[in-house]
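Atoms considered below: every heavy atom in the structure, side chains included; atoms not considered: hydrogens, waters and symmetry mates. All residue numbers refer to positions in the sequence shown, counting from 1.
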Amino acid sequence: MLGRAARGAGRLLLQGARRPGAGLASAPQRCASSLPMNTMVLFVPQQEAWVVERMGRFHRILEPGLNFLIPVLDRIRYVQSLKEIVINVPEQSAVTLDNVTLQIDGVLYLRIMDPYKASYGVEDPEYAVTQLAQTTMRSELGKLSLDKVFRERESLNASIVDAINQASDYWGIRCLRYEIKDIHVPPRVKESMQMQVEAERRKRATVLESEGTRESDINVAEGRKQAQILASEAEKAERINKAAGEASAMLAKAKAKAEAIRLLADALMQQNGDAAASLAVAEQYVSAFSKLAKDSNTVLLPSNAGDITSMVTQALGIYSALTKPHAAKSPEVTPPALEVPRPPRTELPEVDPRNSS
């Protein structure tokens, strides 16, 4: 008998039942087919709470395990399951903020936290929570537009859970989660949404293409700018290097010339240096006349060009006049510069080869 009573206490059946309520469709309800009988010794299953009444008044809640009751006086009035209960919220119509009618359904997850309130606070706690979820869902959808319904589904679920918990606290029930399963949109509205999505995608494609063109133009302009900067810097460096090379060359030439002059001065101080310098000047003076007729038809010659001896003598006289101040014994007294008479230049007319024949 005890085993049969324990098996009867743990037997719960699920059956669907619909109740009229202001045009609202109810969800399948969970109810016990039969309550366990008082056999004085009872075994309560885990995660169940048996509410006991003594002479029609609440007495206590049996804990899982072995329990003892007084026959006839005590009666098991309610059996509450403490497990998480999943309730399917039927599909219903709701109107959004922008006057679009939607067909929406969901799934409700709840748990009985206080078996006493769940037994005496409401007649059918599961049915009450289901109806509350439907009304709350319609109320929350009326605050959102159609676009926000799809984007803010998580916030909509959280708002429904908060609204249910505020009302179901007096029933000893806590809503854990609420999830929207399907949202059905009217066909014409669905077509408009598809057209809007396509237009938005074309817009994004056009914007991305224009941004790519802009970035390309900017990159090309930046490349040209950098190329011009690098070219100007290269030209600047080239000019600086060229100027530095020319300066170094001029300095090297000046040093070489100074060294040559110093060596020439030392050579002139040697024995017979004046005679050697006179010979060199005479040779250069004579060779200069041989080059006058090569560059131009007009030739300038001294009046005594046929007298080579006088020309050499004149060149030696010029050299002697230039070197005479350096040969003076007293550096304080500078003799006056000698004026070397210059022979008059005679311009020879250009000879016509036709007349010479």
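A salt bridge links Arg177 to Glu84: at least one charged side-chain nitrogen sits closer than 4.0 Å to a carboxylate oxygen.
Residues Asp147 and Ser145 have side chains that never bring a donor and an acceptor to within less than 3.5 angstrom of each other. Between the side chains of Ser119 and Gln80, at least one donor N or O lies within less than 3.5 Å of an accepting N or O.
Glu200 meets the side-chain contact (heavy atoms from CB on, under 4.5 Å) test with Lys203, Arg204; sequence neighbours excluded. Residues that satisfy the side-chain contact (heavy atoms from CB on, under 4.5 Å) test with Glu259, not counting sequence neighbours, are Arg262, Leu263. Partners of Ser139 under the side-chain contact (heavy atoms from CB on, under 4.5 Å) rule, at least two apart in sequence or in another chain, are Lys143.
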- Query: Between Glu235 and Arg239, does a salt bridge (charged side-chain N to carboxylate O under 4.0 Å, His left out) hold up when you go through it step by step?
  - Reply: CA-CA 6 Å; Glu235 184 178 359; Arg239 290 183 178 180; 2.8 Å; yes
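Between Glu152 and Lys148, some side-chain heavy-atom pair lies under the 4.5 Å cut-off. Using a 4.5 Å heavy-atom threshold, the side chains of Glu140 and Ile160 count as touching.
Smallest separation of non-hydrogen atoms from Lys190 and Val185: N-CG1, 4.0 Å.
A donor-acceptor pair is defined here as one N or O able to donate and one able to accept, closer than 3.5 Å; such a pair exists between the side chain of Asn67 and the backbone of Gly65.
Tyr78 pairs with exactly one of Tyr120, Tyr116, Trp50 by the ring-ring contact (aromatic ring centres under 6.0 Å, His included) rule, that one being Tyr120. Considering Met40, Arg54, Arg75 as possible partners of Ile70, the one that fulfils the side chain to side chain contact (heavy atoms under 4.5 Å, CB included) test is Arg54.
Centroid-to-centroid, the aromatic rings of Tyr109 and Tyr178 stay 6.0 Å apart or farther.
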